[in-house]
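First up is the structure itself, then whatever we jot down about it.
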Amino acid sequence: MTYMQIQAEVDKADALLNTAADLINGGHIVSIASLNEIVNNICSLIKEEGYAHCQALKPILIHLSDQMDQIRIVMENQLELYITEG
């Protein structure tokens, strides 16, 4: 059951990051503050389930981490553009 809860939280994070990237690329300013709560939920659920039982999630979590890095870069570029254009 916990595995399904973790997957649901990962899916939420994935959807949030994809939507944010689309909006940013469309010129919108977005907040991803709710991502913090989702990541905390994922970490808590993994801790509850036990790390050994969650090894199958490793590729999914690596992908999520990569997505977070990509959105960070996009947001940094947006901020830089905003600052230079004033």
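Only a predicted model underlies this, so the values are computations on that prediction, with no experimental measurement involved.
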In sequence, state the C-alpha distance, the side-chain angles, and the governing distance for Ile71 and Ile24, and then conclude on side chain to side chain contact (heavy atoms under 4.5 Å, CB included). CA-CA 9 Å; Ile71 196 77; Ile24 290 169; 3.9 Å; yes

Could you give the distance from CD1 (Ile6) to SG (Cys43), rounded to the nearest 0.5 Å? 10.0 Å

Answer whether the closest heavy-atom distance between the side chains of Glu76 and Arg72 falls below 4.5 Å. yes

Work out which heavy atom in Glu49 is nearest to a heavy atom in His53; give both atom names and the distance. O-ND1, 3.2 Å

About how many Å separate NZ of Lys47 and SG of Cys54, when rounded to the nearest 0.5 Å? 13.0 Å

If Ile, Leu, Val, Met, Phe, Trp and Tyr residues are connected whenever their side-chain heavy atoms lie under 4.5 Å apart, and connections chain through other members, are Tyr51 and Val10 in the same group? yes

Checking Gln78 side chain against His28 main chain: does a donor-acceptor pair fall under 3.5 Å? yes

Drop me the distance from Leu17's CG to Asp22's CG, to the nearest 0.5 angstrom. 11.0 Å

Going by atom type alone, with no hydrogens or angles, which donor-acceptor pairs under 3.5 Å involve a side-chain atom of residues 59-69 and a protein atom two or more places apart or on another chain?
| from | atom 1 | to | atom 2 | distance (Å) |
| --- | --- | --- | --- | --- |
| Gln67 | NE2 | Asp14 | OD1 | 2.6 |
| Gln67 | NE2 | Asn18 | OD1 | 3.3 |

Main-chain N/O of Leu81 paired to Thr84 side chain as donor or acceptor, under 3.5 Å: yes

Using 0.5 Å steps for rounding, measure from the CD1 atom of Ile42 to the CD atom of Glu37. 11.0 Å

Once rounded to the nearest 0.5 Å, what's the spacing between atom CG of Leu45 and atom CD of Gln5? 5.5 Å

So, do Ile32 and Met75 sit near enough that their side-chain heavy atoms are less than 4.5 Å apart? yes

